[in-house]
Amino acid sequence: MHNLPDVGTLRLELDDATLREWDATVLACSEEGIVLDRSAFYPGGGGQPPDSGVLLWGGVQTRIAGARKTVDEVYLVPVEGEPLPPAGTAVRGALDDDRRSALMRTHSALHLLNGVVYRDFNLLVTSAGMEPLEGRMDFDLPSVPEGFREHVQQTCNDEIAADRQIVVRSMPREDAFAIEQVARAARDLVPAHLTDVRIVDIVGLDVEADGGTHVASTRQIGGLDIVKIENKGKGFRRLRIRLHDAS
Ligand SMILES: [Zn+2]
């Protein structure tokens, strides 16, 4: 899942989710967007929406509204009407820190929720999505057990307080799929051509194949409320969560 060397954009956020400013060179600039040689803009995926931010070059500012990814390029999408840096321009990139930091907490919260529901109820998530500090996760759950919401919310907050480490690493495909939770959840989701799989491990709780950005330990998530359990029909239930600062 890691970027290939010498092809397209080097994805800085995959190795360092805390990076917020960096130097780069514009490789291409067209109506498709701006391509940098090095970028920390998360291009969206796995339920995590793209980052926003800014490029600074020679006293000029280009606001970036979002980003998207093709097989080997990350395209930054400028705010309409912004000045565009031509290919070859040296730029300084910077992310909207509030947005990205909130998305990291939210994405990690969804993995933590997934781990609790998988461990305690043996349920697999069917889809997930998020905005800063709000997330949703769908489960195949025909009937909601008595006390489900209270149990899950309390247990999630206990696991946050336990301050489990969140470790990101790549491993060979066959090693990743030897992990039961990864095999059950992701066998059909990881593209067949990938020889290495990026794993996000909430140590002792949850292991997922994932390309997103995460906080370093569960306490950084803050507080988690399950605000709603919706019935989406055909046995699907949607859990909606909201994060707040730890009290
Ligand atoms: Zn994820």
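All values below come from the heavy atoms of this structure, side chains included, with hydrogens, waters and symmetry mates left out. Atoms within a ligand are numbered from 1 in the order they appear, just like the ligands themselves. Being a predicted model, the structure only gives us computed values, none of them experimental.
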With a cut-off of 2.8 Å, strictly less than, protein N/O/S atoms near the Zn ion (ligand 1) add up to 3

Side-chain (Arg184) to main-chain (Ile179) donor-acceptor, under 3.5 angstrom: no

Report yes if the side chains of Val79 and Ile64 come closer than 4.5 Å at any heavy-atom pair, otherwise no. no

Thinking salt bridges, do [X] and [Y] make one under a 4.0 Å N-O criterion?
X      : Y      : result
Asp245 : Arg105 : yes
Glu134 : Arg240 : no
Arg136 : Glu131 : no

Six-ring centre of Tyr75, Arg68 cation under 6.0 angstrom, axis tolerance 45°: yes

